[in-house]
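A short worksheet on the structure shown next.
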Amino acid sequence: MDRSVKRGYHKPLIIEDIGGKNMDNYAPKDIEKKWQEKWEEQGLYKAEDGSKKPKCYVLDMFPYPSGSGLHVGHVEGYTATDIYSRFKRMQGYNVLHPMGWDAFGLPAENYAIKSGVHPKETTESAIKTFTRQIKSLGLSYDWSREIGTHTPEYYKWTQWFFLLLHKNGLAYKAKANVNWCDSCKTVLANEQAEGGVCERCKNPVAQKEMEQWFFKITDFAEDLIKDLDGVDWPVSTKLNQRNWIGKKEGISIVYEIEGVDEKVVCFTTRPDTNFGATFIVLGAEHPLVEKITIPKYQNEVQSYVEKTLGQTEEDRIIQGRVKTGVFTGRYAINNLNGKKLPIWVSDFVLGYIGTGAVVGVPGHDMRDFEFATAFGIPVERVVIASDGDASLITRAEQVQEAEGEMVNSEFLDGMDIHEAKEKMMDYLEEKRWGKRVTTYHLRDWLVSRQRYWGAPIPIVYDPEGKAHPVPEEHLPWVLPADVEFKPTGYSPLADSKEFAQRTEKIFGKGWKPEVDTMDTFVCSSWYYFRFADPENKEEFAGKKAIEQWLPVDMYVGGAEHTVLHLMYARFFTKALKKFGYAKFDEPFLKLRHPGTILAQDGRKMSKSLGNVINPDEVIEQYGADALRLYEMFVGPLSDAKPWNTKNIVGVKRFLEKVWRLREKARAGHKDSAELEYAVHFAVKKVGEDMEAFGCNTAISQLMILANAMEKEEAISESAWESFLLLLAPLAPHIAEELWFLLKTILPRWSGQVNYKLETSIHVQSWPQYDPAALMKKKARIVVQVNGKVRDAIDVARGADEEQVKNLALSSEKAQKWLAGKIPVKFIYVQDKLLNIVV
RNA sequence: GCGCCCGUGGUGGAACUGGCAGACACGCCAGCCUUAGGAGCUGGUGCCGCGAGGUAUGGAGGUUCAAAUCCUCCCGGGCGCACCA
């Protein structure tokens, strides 16, 4: 990395070796690499610290540098942000557009187990490949800010965050049932074990009781929901986050248990139906199970509990919804009506949801109904739906959940269920039989991993086994190098002699290091701060730098991170705000997800299917500008789109057309009125599209303009300039080359042969359009008769209704359809349409 | 099962806030140029019809002067969650 060039300072450099060879044909190979080198030499894309210009922080989700290199999906997102960054720079913004590496992770470690090559080595060579590939696309990253999460300079601060959270009670160690992936040999966070399978390897996840480190993300559940209102994110992403957090309002009802001095607490969102309760179910892990089961049922209950707790998520899925369970022999009392509710144990009640105990209302909950019918428990009706059915509930179709009116419920009778819910909660609270509570699906974030290639958790244990934070002065708490890569099932760090010795040396005899590493999502939860101040040795980022650059204005990356990275990063930001390190609530103001690029056959690209497109080969054959344009032109960024090599020809032809157009540019030429209009219109349209991330329509507008220019004998220098400026963010190399040729070859510029950075097209201002020029063109008014198009007339823009009406009524084509009938109504839309109703 | 999103030519897709459906491009057809073409140029290309014209945005209704766009139901596809009490 070249640190000699101070950020924001552009070293002037004369380029004298441009042009000359093969000027007749468009040859991307001759121009792309050349300009990439010039741009980098001159630090063209460096973000300026301390600049007074308005800032714009445009960020890609940084990649995991995998051994297979960059794929066309990366290219899509990176091109989109590159275009946006270039556009914003031309608009006068001080743009921060950095790139880095989410470098810790399992694949490199798994490869090490197979091959013996150290993950550091694999990772660094992958980074080299990625860097080369990214540079070959002409992406305008500020490489002086490059970061890698695997470097001690970076993970020092990841560890510092751990300590910050620990100090503030937001990091804690606890014994809990956790998700264990036997294939990856590590525990996983809830978010990484969705659907009971490992997020990474798709193997089923088992439940295991282990002592692990957690981050208390649940403290922020409410803010994590609330603050979604203020960000410009895709609706589905916001919704997924809301669902994942899963806020529910209900009431915990306390039931006395007959014959023992114990109470069972059941959370419910439907207290309105509580007169219809006929049983209670405990989850297998519920502490009361042991305490209340009467001896007669002891054996049966115990074996059921054992069997249930040994189940994997996958077992549960295979079993489906078949209800199983055992009776404890005890009864709870429903205070509302004095009814005895038998207490059962069943695996359909999950220990980690609500209170781990459920009150069964089989008439109005499908699962309760299935359970009741399986064990002959009575079913009672307390709600009548709109169908009016008031009969005994004996069939599943009669079980009514969503709407209705209360019956058989004393003081609730006749009420709508929603009203009844409130009334019942008031009543239960007044009687002190229950308490309103809000629950969340979100769990605390389990961050321990029994893996090597991650940031070590900065904790040491004293000889009594008590955990102590590693003092800040010992950070970075360096990842030891002397480990074996074997799938052992325990943390590889436990084998490191150096790690153990280091700990004893610093802390004393008998002290042991924590041997787990942190989930890599911890590393990526704060990296966007580091880009603001990547070389800071005193802080994760300086206050001033944070204030200047954060939050991120535009964030682009895969939708697969909706409840992982994006949730964790929001949590980190909220914690930082709480502790005074940030002044904002949300890290990413705007978020967009690129759609998946599918293979030609419409399936996902994958190595095993052999349908992967390698961007290197496309660049080799068509050039980087063509690849960029192609990926942007196929459709809207967020859509899934199949790759079609044939279609690259279209954008390649366009670039060749543009290349030929240079010969038409003439100093002193006066453009036709049509072309003048077309240029202004394109400036307006392309600008609007870029702002809205609509690159596909921006490109088609440029194609329209190029087609119009091609029809002209000659075009003015200024029209050509405007065209190139509009093209510059999209196809930066050809735009730069043609800009250079324009500035050096046209007679007017013949005196200037030196090309300095200041003359690069990429530091020019975005062109302005003249609204008056757009008004010059006549408006085409569509003439409709009874809503059907019959004619079109051209009038001056802003023409008044009377004038248009008269013109339309006298039009021959309209006459034919009016045929003597009397118009009853005219609908006039300025400059667009006149509808004559007869 | 629940929630959300989406259905437009042979293809990818345009169509701003309800106002000419099919921009732009691929493909295809015809012609020109060329020793040759994965090159270039010109014209054509939703469907029916010689034509005037009619008809058309998954299907059926509805609202409106006017619907791809708004509403209801149905069909089809995608995504997310899933025994969440």
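Since the model is a prediction, treat every value here as computed from it, not as a measurement. By convention in this document, chain letters (A, B, ...) are assigned in the order of the sequence lines, proteins followed by strands, and residues within each chain are numbered from 1.
- Of the side-chain N and O atoms in Asn696(A), one or more sit less than 4.0 angstrom from OP1 or OP2 of rA14(B).
- Considering CD of Glu380(A) and OG1 of Thr273(A), their distance stands at 11.5 Å, rounded to 0.5 Å.
- Atom CZ in Phe654(A) sits roughly 13 Å away from atom P in rC41(B) (whole-Å rounding).
- Side-chain to base pairing of Tyr630(A) with rG12(B): no donor and acceptor N or O lie closer than 3.5 Å to each other.
- Residue Pro636(A) is classed as a sugar-phosphate contact, given heavy-atom separations below 4.0 Å to backbone atoms only.
- Base engagement by Gln784(A) is indicated by at least one non-hydrogen atom pair under 4.0 Å involving a base atom.
- Residue contacts for Asp368(A): at a heavy-atom cut-off of 4.0 Å it reaches no nucleic acid atom on any strand shown.
- Residue order along RNA chain B, read from the 5' end via each residue's closest nucleotide, puts Asp689(A) first among Asn240(A) and Asp689(A).
- The distance from atom CD1 of Ile734(A) to atom CZ of Arg662(A), rounded to the nearest 0.5 Å, is 9.0 Å.
- The nucleotide rA85(B) finds no pairing partner, because no Watson-Crick or G-U wobble arrangement with both distances shorter than 3.5 Å includes it.
- Side-chain N/O atoms of Arg790(A) include none lying less than 4.0 angstrom from OP1 or OP2 on rA66(B).
- The existence of a salt bridge linking Asp229(A) and Arg242(A) is confirmed by a sub-4.0 Å separation between a basic side-chain nitrogen and an acidic carboxylate oxygen.
- Lys238(A) has its NZ atom 18 Å from the C1' atom of rC79(B), to the nearest Å.
- Closest approach to the Asn707(A) side chain among rC4(B), rA85(B), rA25(B) is made by rA25(B) (side chain taken as heavy atoms from C-beta onward).
- Rounded to an integer number of Å, the gap from CD1 of Ile597(A) to P of rG13(B) is 12 Å.
- The same atom, P, is picked in rA25(B) and in rU42(B); the two are 11 Å apart, to the nearest Å.
- For Arg780(A), no side-chain nitrogen or oxygen approaches OP1 or OP2 of rC20(B) to under 4.0 Å.
- Figure legend. rC32(B) is base-paired to rG40(B); pairs are counted as Watson-Crick or G-U wobble with both atom distances under 3.5 Å.
- The pair Lys664(A)-Glu712(A) does not count as a salt bridge, with every side-chain nitrogen at least 4.0 angstrom from each carboxylate oxygen.
- With both pairing distances under 3.5 Å, rC2(B) is matched to rG80(B) as a Watson-Crick or G-U wobble pair.
- rC6(B) and rA14(B): their P atoms are spaced 13 Å apart (whole Å).
- Counting non-hydrogen atoms under 4.0 angstrom, Ile827(A) reaches a base of the nucleic acid.
- Comparing rC48(B) with rU34(B), their C1' atoms sit 40 Å apart, to the nearest whole Å.
- Between the Ser638(A) side chain and the Pro594(A) main chain, no donor and acceptor come within less than 3.5 Å of each other.
- Distance CG (Asn647(A)) to C1' (rC28(B)): 14 Å, rounded to an integer number of Å.
- Checking rC26(B) for Watson-Crick or G-U wobble geometry (two distances, each under 3.5 Å) identifies rG10(B) as its partner.
- For Arg660(A) and rC41(B), the shortest distance from a side-chain N or O to OP1 or OP2 is below 4.0 Å.
- The phosphate of rC65(B) (OP1 or OP2) has a side-chain N or O of Lys825(A) nearer than 4.0 angstrom.
- Distance, Phe279(A) CZ to rA85(B) C1': 11 Å, rounded to whole Å.
- Dashed line: the shortest gap from a side-chain N or O of Lys248(A) to OP1 or OP2 of rA85(B) is under 4.0 Å.
- In this structure, Glu631(A) does not pair ionically with Lys641(A), as no charged nitrogen and carboxylate oxygen lie closer than 4.0 Å.
- Residue contacts for Asp365(A): at a heavy-atom cut-off of 4.0 Å it reaches no nucleic acid atom on any strand shown.
- In a base pair of the Watson-Crick type (N1 to N3 plus N6-O4 or O6-N4) or a G-U wobble (N1-O2 and O6-N3), with each distance short of 3.5 Å, rG53(B) is matched with rC48(B).
- Using a cutoff of 4.0 Å between basic side-chain nitrogens and carboxylate oxygens, Lys685(A) and Glu688(A) are not scored as salt-bridged.
- Protein atom CE of Met632(A) is 14 Å distant from nucleotide atom P of rG13(B), rounded to whole Å.
- Nucleic acid contact for Phe369(A): none, since no nucleic acid atom lies under 4.0 Å from a heavy atom of the residue.
- rG61(B) and rC71(B) make up a base pair, with Watson-Crick or G-U wobble contacts both under 3.5 Å.
- Within the nucleic acid shown, Val634(A) comes within 4.0 Å of sugar-phosphate atoms alone, with no base atom in reach, counting heavy atoms only.
- Sequence order on RNA chain B of the closest nucleotides to Ala792(A) and Ala357(A) puts Ala792(A) first from the 5' end.
- Using a 4.0 Å heavy-atom distance criterion, Leu833(A) is classed as a base contact.
- With rC4(B), rC83(B), rA15(B) as the candidates, the nucleotide lying closest to the side chain of Asp347(A) is rC83(B).
- The gap from the C1' atom of rG13(B) to that of rG19(B) amounts to 22 Å, rounded to the nearest Å.
- Under the Watson-Crick and G-U wobble criteria, each requiring two contacts below 3.5 Å, nucleotide rA66(B) is left unpaired.
- Partner of Phe279(A) under the ring pair (Phe, Tyr, Trp, His ring centres under 6.0 Å) criterion, out of Trp344(A), Phe371(A), Phe369(A), Phe375(A): Phe371(A) alone.
- A salt bridge is absent between Arg660(A) and Glu656(A): the closest approach of a Lys/Arg side-chain nitrogen to an acidic carboxylate oxygen does not fall below 4.0 angstrom.
- Going from atom CE of Met605(A) over to atom CG of Asn611(A) covers 6.5 Å, rounded to the nearest 0.5 Å.
- rC20(B) atom P lies 14 Å from atom CG of Leu834(A), rounded to whole Å.
- With both ends at atom C1', the span from rA60(B) to rC79(B) equals 27 Å, rounded to whole Å.
- No contact: Asn243(A) has no heavy atom under 4.0 Å from any strand.
- For rA67(B) and rG18(B), the P atoms lie 14 Å apart once the distance is rounded to whole Å.
- The partner of rG18(B) cannot be assigned: no Watson-Crick or G-U wobble pair with both contacts below 3.5 Å exists in any strand.
- Syn is the glycosidic conformation of rG9(B), whose angle stays within 90° of 0.
- For Arg653(A) and rG40(B), the shortest distance from a side-chain N or O to OP1 or OP2 is below 4.0 Å.
- Looking at heavy-atom distances under 4.0 Å, Lys788(A) makes contact with sugar-phosphate atoms alone, never a base.
- If you take atom P in rU57(B) and the same atom in rA21(B), they sit 12 Å apart, rounded to whole Å.
- Of the P atoms belonging to rU72(B) and rU63(B), the separation is 15 Å, rounded to the nearest Å.
- For Glu656(A), the side-chain atoms get nearest to rG40(B) when compared with the rest of rA85(B), rG19(B), rG40(B).
- In this model, no side-chain donor or acceptor of Lys832(A) finds a partner on the base of rC20(B) within 3.5 Å.
- In this structure, Glu560(A) reaches neither bases nor backbone, as no heavy-atom distance under 4.0 Å exists between it and the strands shown.
- Residue Phe633(A) contributes atom CZ, which lies 8 Å from atom C1' of rG12(B) at whole-angstrom precision.
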